[in-house]
Protein chains: 2
Amino acid sequence: MTDPATAALWPGGGERTETARRLLLAAVDSFARRGYHATTTRDIATAAGMSPAALYIHYPSKAALLAEISRTGHRATLELVERAEAAGADPVERMRALAESFTVWHARGHTVGRIVNNELHALPEEDFAAVAELRIRIEETVLRIIADGAAAGLFRVPDQRTAARAVTSLGIDVSRWYTERSSESPEELGRRYGQLVLRMLGAPDGRIGD
Amino acid sequence: MTDPATAALWPGGGERTETARRLLLAAVDSFARRGYHATTTRDIATAAGMSPAALYIHYPSKAALLAEISRTGHRATLELVERAEAAGADPVERMRALAESFTVWHARGHTVGRIVNNELHALPEEDFAAVAELRIRIEETVLRIIADGAAAGLFRVPDQRTAARAVTSLGIDVSRWYTERSSESPEELGRRYGQLVLRMLGAPDGRIGD
DNA sequence: GACGTGACTAAGCGCTTGCTTAGCATCTTT
DNA sequence: AAAGATGCTAAGCAAGCGCTTAGTCACGTC
């Protein structure tokens with residue numbers, strides 16, 4: 001049983017050394033709890049059980065830690081979203097899979113999710129650019145499913161871009177409020193949010209299921 | 001035409017002196033753009049056209065500025081939500097009014113909204129406690145309308161608390177992504193989100209309107 | 001015209017920050 | 001066993017932080 005942040009970042013197992021991973025996970029925890037700017041390099045190093053200077057052997061700067069978390073987190077999210085698109089039999093099933101796994105990811109990995117979605121402004125410029133592109137690809141995958149569904153007469157939405165925004169927004173915001181002490185498991189929440197999303201998109205009621 | 005942050009904080013007109021308001025608005029701008037911890041008191045004072053020391057004549061600390069923004073912002077949001085509850089003829093209309101005005105507030109006052117929703121952890125303990133109570137009252141107003149609607153057979157939701165979370169979450173997250181350069185006006189977005197919310201809650205289709 | 005008051009500034013204090021330097025123990029290579 | 005590489009620590013530097021101090025200036029009061 002790996003911890004949730006590890007799972008959110010490296011679903012397929014990472015390639016960093018033990019110490020570098022320990023530092024990165026300590027950074028995830030601190031950034032998520034206090035925010036990037038309120039976290040000191042001493043916080044991170046201490047949490048990883050090392051002296052402040054040791055951090056700089058594995059990462060060139062505090063910002064590099066943030067960048068690695070953000071890039072890895074965004075890459076994992078995009079993969080998840082593309083997998084959902086590829087897997088479903090029709091737009092309704094694709095959207096259900098997407099909303100469910102997107103929600104589960106943001107609930108289970110809410111620490112990583114918080115950093116990914118709320119510390120964009122702290123990223124060095126070129127890291128931001130890379131990450132912004134991944135975000136666009138995520139949004140467009142959602143939009144594509146909605147457009148397909150609307151074309152097939154399965155969804156009825158007044159404005160597709162607004163609907164896509166709403167779907168991703170709902171999932172992203174989970175990372176803001178979800179904690180391990182929440183009453184619903186990530187999977188349970190995912191199922192419910194999947195339903196709400198399909199309803200929101202005006203999917204035929206028989207396809208949703210109560 | 002007052003600026004959006006002023007409108008979001010003091011819908012009925014504030015009571016502070018000119019200078020204190022100018023400082024507070026400068027703080028709103030800086031906190032929203034860079035985050036609380038990345039903003040310096042020098043930033044705020046300079047943006048308000050004064051020397052760093054002048055800030056401390058009007059506010060006892062940087063945290064006091066944040067606290068005032070957060071408390072005022074939360075109070076305004078609660079008022080807005082309670083007004084929607086009181087105004088609507090039935091649960092469907094109440095929810096439509098709530099979702100619309102909640103969305104409009106978070107779009108138009110997205111700078112204030114960002115601070116209100118993402119800088120809670122930076123609040124001094126007792127300010128946090130006060131604000132947390134306001135947040136509960138907001139959430140419970142939403143829940144009450146959903147429960148009323150479900151009891152009247154107007155809404156069909158699997159879990160009312162989850163549905164309430166989704167409704168507020170959708171509105172709150174608007175402040176994360178909305179900018180003045182967004183293609184939709186706050187009112188247009190409000191109308192669309194109002195529709196999506198009613199659909200999500202399973203309101204009878206005739207009541208929604210395309 | 002002396003005095004008090006309220007809004008402000010120039011200067012700076014003590015502390016914390018991100019990051020660097022210099023050095024040390026352990027392992028690997030030859 | 002000498003030499004180098006590796007992974008770490010103790011100490012500390014320059015810069016920037018929140019906030020304070022001491023003083024200035026415009027204004028109203030007696």
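Heavy-atom basis, side chains included; hydrogens, waters and symmetry copies ignored.
- With sequence neighbours left out, Glu184(B) forms a salt bridge (charged side-chain N to carboxylate O under 4.0 Å, His left out) with Arg192(B).
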Do nucleotides 22-29 of chain C as a string where each nucleotide becomes B, S or -: B if the base has a protein heavy atom under 4.0 Å, S if just the sugar-phosphate does, - if no protein is that close. --------
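- Taking the side chain to side chain donor-acceptor pair (under 3.5 Å) definition, one finds that Ser101(A) meets it with nothing, sequence neighbours left out.
- Residue pairs meeting the ring-ring contact (aromatic ring centres under 6.0 Å, His included) criterion with at least one member in residues 94-113 of chain B, sequence neighbours excluded: Phe102(B)-His106(B).
- His58(A) has its NE2 atom 7 Å from the C1' atom of dG7(D), to the nearest Å.
- In this structure, Arg22(A) has no side chain to side chain donor-acceptor pair (under 3.5 Å) partners at least two apart in sequence or on a different chain.
- Residues forming a salt bridge (charged side-chain N to carboxylate O under 4.0 Å, His left out) with Glu140(B) (at least two apart in sequence, or on another chain): none.
- Near-neighbour residues of DNA chain D inside residues 32-57 of chain A, defined by a heavy atom below 4.0 Å, number-ordered: Arg42(A), Met50(A), Ser51(A), Ala53(A), Ala54(A), Ile57(A).
- Rounding to whole angstrom units, CG of residue Leu23(A) and C1' of dG7(D) are separated by 12 Å.
- In this entry the distance linking OH of Tyr59(B) with P of dG18(D) reads 17 Å, nearest Å.
- In this structure a side-chain-to-backbone donor-acceptor pair under 3.5 Å is present from Thr168(A) to Arg165(A).
- Separating the CG atom of Leu66(A) from the C1' atom of dG18(C) is a distance of 15 Å, rounded to the nearest angstrom.
- Pairs of residues two or more places apart, or lying in two chains, that qualify as salt bridge (charged side-chain N to carboxylate O under 4.0 Å, His left out) and include a residue from residues 25-48 of chain A are Asp29(A)-Arg33(A).
- When the ring-ring contact (aromatic ring centres under 6.0 Å, His included) test is applied to Phe155(B), no partner is found at least two apart in sequence or on another chain.
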